[in-house]
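Working notes, structure below.
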Amino acid sequence: MKSAVIVFPASNCDRDAADALAKITGRDPLMVWHEETTLPPVDFVVIPGGFSYGDYLRSGAIAARSPIVQDIVRKAGNGLPVAGFCNGFQILTESGLLPGALMRNKGLRFVCRPQKLKIINKTSMFTKAYKDQTEITVPIAHFDGNYFADGETLNRLKKNGQIVFKYDGNPNGSVNDIAGICNEAGNVLGMMPHPERAVDPMHGGTDGIPFFKSVLESLR
Amino acid sequence: MKAIIHIGLKPGVLDPQGRTIARSLAHMGFDQVTAARQGKTIELDLKGDDQAAAEIQVKDMCEKLLANTVIEDYRFEIVGQD
């Protein structure tokens with residue numbers, strides 16, 4: 001599986017994502033700079049966490065209008081698998097690939113800790129390798145993780161199985177405890193928690209490994 | 001010309017920063033305050049003097065970048081450069 005990690009000014013989890021992809025797919029991902037206009041041919045794209053453009057205007061807003069994201073939007077529309085973690089999730093909602101928005105945490109604090117999650121959609125291309133596991137623990141580290149969508153959108157997400165992860169113990173005020181969602185087609189996922197930071201016992205946990213294995217298995 | 005754009009959270013969207021501001025003002029003894037909403041102002045310098053064209057462009061800018069209309073409302077005025 002060939003993968004790519006998009007790098008924006010002030011991305012800071014791009015190396016973590018690259019390490020996780022290299023470890024689980026067995027191939028180093030391409031690191032693609034945000035000013036590129038065309039994504040090289042790859043099977044999977046990760047939009048990493050960080051503070052792209054210093055979170056100016058709104059978290060993810062400027063990155064979502066960068067040249068490379070326009071090409072990702074086009075290719076995701078044709079089925080290319082894309083996952084965004086943390087700032088990557090914010091960029092995906094700002095780009096319109098995922099519905100809703102991520103607002104300032106309800107408690108007005110940056111939250112940084114291991115977080116228990118419930119897997120709501122166990123058959124998605126990002127979760128199928130979790131098999132019987134229904135709860136995982138992965139790190140969260142964000143200021144703007146308070147997911148918001150209107151009632152109609154929430155109904156649609158629920159009906160289509162687009163709610164992939166929920167928090168067990170809501171850390172940020174997200175509506176319906178939502179931690180991660182996918183698009184209707186199921187090939188684009190965004191989540192505030194960081195599976196790429198839970199792929200080695202040295203990280204304090206390995207619950208992120210099946211996430212990447214799921215994608216790998218789905219593409220075989 | 002200048003465009004002065006105000007962007008704020010939509011009514012009904014929880015604004016924890018506004019709520020904290022209101023609470024702080026109440027603690028300080030400003031007992032008339034019942035609620036606060038926090039937003040931001042963006043000022044743009046615009047060339048030319050076609051006000052109608054500017055209004056169309058600024059609206060487009062708000063829709064495409066400056067506001068996230070899922071959670072935010074915006075309003076703006078175009079003013080002369082005096």
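Quick caveat: nothing in here was measured; it's all calculated off a predicted structure. Atom set for the values below is all heavy atoms of this structure, side chains included, hydrogens, waters and symmetry mates excluded.
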Euclidean distance, A:Asn121 CG relative to A:Cys182 SG, rounded to 0.5 Å: 6.0 Å

Region of A:Asn146 in contact with chain B, defined by heavy-atom distances below 4.5 Å: neither

Minimum side-chain heavy-atom gap A:Pro48-A:Glu196 below 4.5 Å: no

Close side-chain approach of B:Ile4 to B:Thr41, heavy-atom, < 4.5 Å: yes

Any donor-acceptor N/O pair, B:Arg37 side chain to B:Lys10 backbone, under 3.5 Å: yes

Heavy-atom proximity to chain A below 4.5 Å, by part of B:Glu72: side chain

Contact class of A:Leu108 relative to chain B, heavy atoms under 4.5 angstrom: side chain

Max heavy-atom pair count under 4.5 Å with chain A, selected residue of B:Leu65, B:Leu9, B:Val13: B:Leu65

Proximity breakdown for B:Lys64 and chain A, heavy-atom pairs closer than 4.5 Å: backbone

Point-to-point distance, once rounded to the nearest 0.5 Å, from CZ of A:Phe165 to CD1 of A:Ile136: 4.5 Å

Heavy-atom contact with chain A under 4.5 Å, split by part of B:Ile42: side chain

